[in-house]
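The structure appears right after this line, and notes come after that.
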Number of protein chains: 2
Amino acid sequence: MRRSRQKDAILRVLCETDSHPTAEWIYEQVKKEIPTLSLGTVYRNLRLMTENGSVRELRFTGEQGRYDGNIQHHDHFRCEKCGRIFDLGELLDELIKEKVARKMGACITGHRLEITGTCRECRNSKY
Amino acid sequence: MRRSRQKDAILRVLCETDSHPTAEWIYEQVKKEIPTLSLGTVYRNLRLMTENGSVRELRFTGEQGRYDGNIQHHDHFRCEKCGRIFDLGELLDELIKEKVARKMGACITGHRLEITGTCRECRNSKY
DNA sequence: TTATTTGCAAATCATTTGCCCGAAG
DNA sequence: CTTCGGGCAAATGATTTGCAAATAA
């Protein structure tokens, strides 16, 4: 994969935020710096980076795809009111995975865990 | 929500399988019985039933949406080779959720957990 | 009767692709 | 040079929607 100004900028923007943005949002940000940028390029590069492991793709319930610059495994909390996604550490312990592996005769390579609820702010907001 | 022949058939087909089918697959099955059925009706009704809680929508992998007639909470194992989705019991224990709730000041309403790997059959297949 | 649901086709929306041109190595 | 990446616009594929006709209550 050849390097480019747009790839650099996309990855930088993604890594500088902790907001798990959509491709669209990244596009808007990078456009400020490279006005000729096209949305297709953002999708293309996010996909390439996901494939080579520089980026993680999150795909929650029915919504648009979101991206995470933090590739270390971690689980997520999604607030059902405001839609924000927060990082949690790795919650699922190895014992559970081993238990599943044994019971199913399967070989486990990963997991995705999303906890949902209402975040502190939304609980405290008036409406 | 008014009852209808197509709603009954859709729900029956979904509950009779354990294959976590797509809307398309359900459509093919029900079409055998109601040849005039349209795909739009399947989508429309699956959505209504998801909203009123008769059906569960699975949407983890970026793939097409899948539906589950078993509405009791349970987690899933997805084989990355054959793509099949197997049911697991409820794996995530309450303690973990409480810990998250306390740390985040959030109120937890649910979770989705998908474990991925290679199932027994695929491990044993030659290719 | 009359309110809902259906079937159909057109519309949406996120994402991907084809193509030709400009840039990277 | 020569190959790969970018911009653009058109294509795709899943899902949703608008509407007139059909059906459940």
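Reminder, nothing fancy here: chain letters follow the sequence lines and each chain counts from 1.
To the nearest angstrom, P of dT6(C) lies 13 Å from CZ of Arg3(B). Regarding Leu37(B), its CG atom lies at a distance of 16 Å from the P atom of dT5(C), rounded to whole Å. Atom pair Asp8(B):CG and dT5(C):C1' shows a separation of 13 Å (rounding to whole Å applied). In this entry the distance linking CD1 of Ile34(B) with P of dT23(D) reads 12 Å, nearest Å. In this structure, the CD atom of Glu24(B) is 9 Å from the P atom of dT15(D), given to the nearest Å. Atom pair Leu48(A):CG and dT16(C):P shows a separation of 10 Å (rounding to whole Å applied). The nearest whole Å value for the distance from the OH atom in Tyr27(B) to the P atom in dT16(D) is 16 Å. Atom CG of Leu46(B) and atom C1' of dT16(D) are 13 Å apart (whole Å).
Dashed line: the shortest gap from a side-chain N or O of Arg47(B) to OP1 or OP2 of dT16(D) is under 4.0 Å. The phosphate of dG7(D) (OP1 or OP2) has a side-chain N or O of Thr41(A) nearer than 4.0 angstrom. Residue Tyr43(A) has no polar side-chain atom (N or O) positioned under 4.0 Å from OP1 or OP2 of dT16(C). OP1 and OP2 of dA14(C) both lie 4.0 Å or more from every side-chain N or O belonging to Thr22(A). Within the 4.0 Å cut-off from OP1 or OP2 of dA23(C), not a single side-chain nitrogen or oxygen of Gln6(A) is found.
Pairing each heavy atom of Tyr27(A) with each of Leu37(A), the nearest pair is CE1-O, 3.4 Å. Minimum interatomic distance between His73(A) and His111(A) (heavy atoms only, all atoms of both residues): NE2-O, 2.9 Å.
Within the 3.5 Å criterion, the main-chain N or O of Asp87(B) finds no donor-acceptor partner in the side chain of His74(B).
Checked against dA24(C), dC8(C), dT17(C), the side chain of Arg2(A) finds its nearest nucleotide in dA24(C). The side chain of Lys7(A) approaches dG6(D) more closely than any other nucleotide in the set dA14(C), dG6(D), dG7(C). For Thr36(A), the listed nucleotide lying nearest its side chain is dG7(D); candidates were dT15(D), dT6(C), dG7(D). Each of dC8(C), dT15(C), dG7(D) was ranked by its minimum atom distance to the side chain of Ser38(B); first place goes to dC8(C).
Take the nearest nucleotide of DNA chain C for Arg44(A) and for Leu39(A): the residue whose nucleotide is more 5' is Leu39(A). Take the nearest nucleotide of DNA chain D for Gly40(B) and for Met1(A): the residue whose nucleotide is more 5' is Met1(A). For the pair Ser4(B) and Arg5(A), nearest-nucleotide mapping onto DNA chain D gives the more 5' position to Arg5(A).
For the pair His76(A)/Arg66(A), no side-chain contact is recorded, criterion being any heavy-atom separation below 4.5 Å from C-beta on.
For Asp18(A), the CG atom is loosely surrounded, since the number of other residues' heavy atoms within 6.0 Å does not exceed 12.
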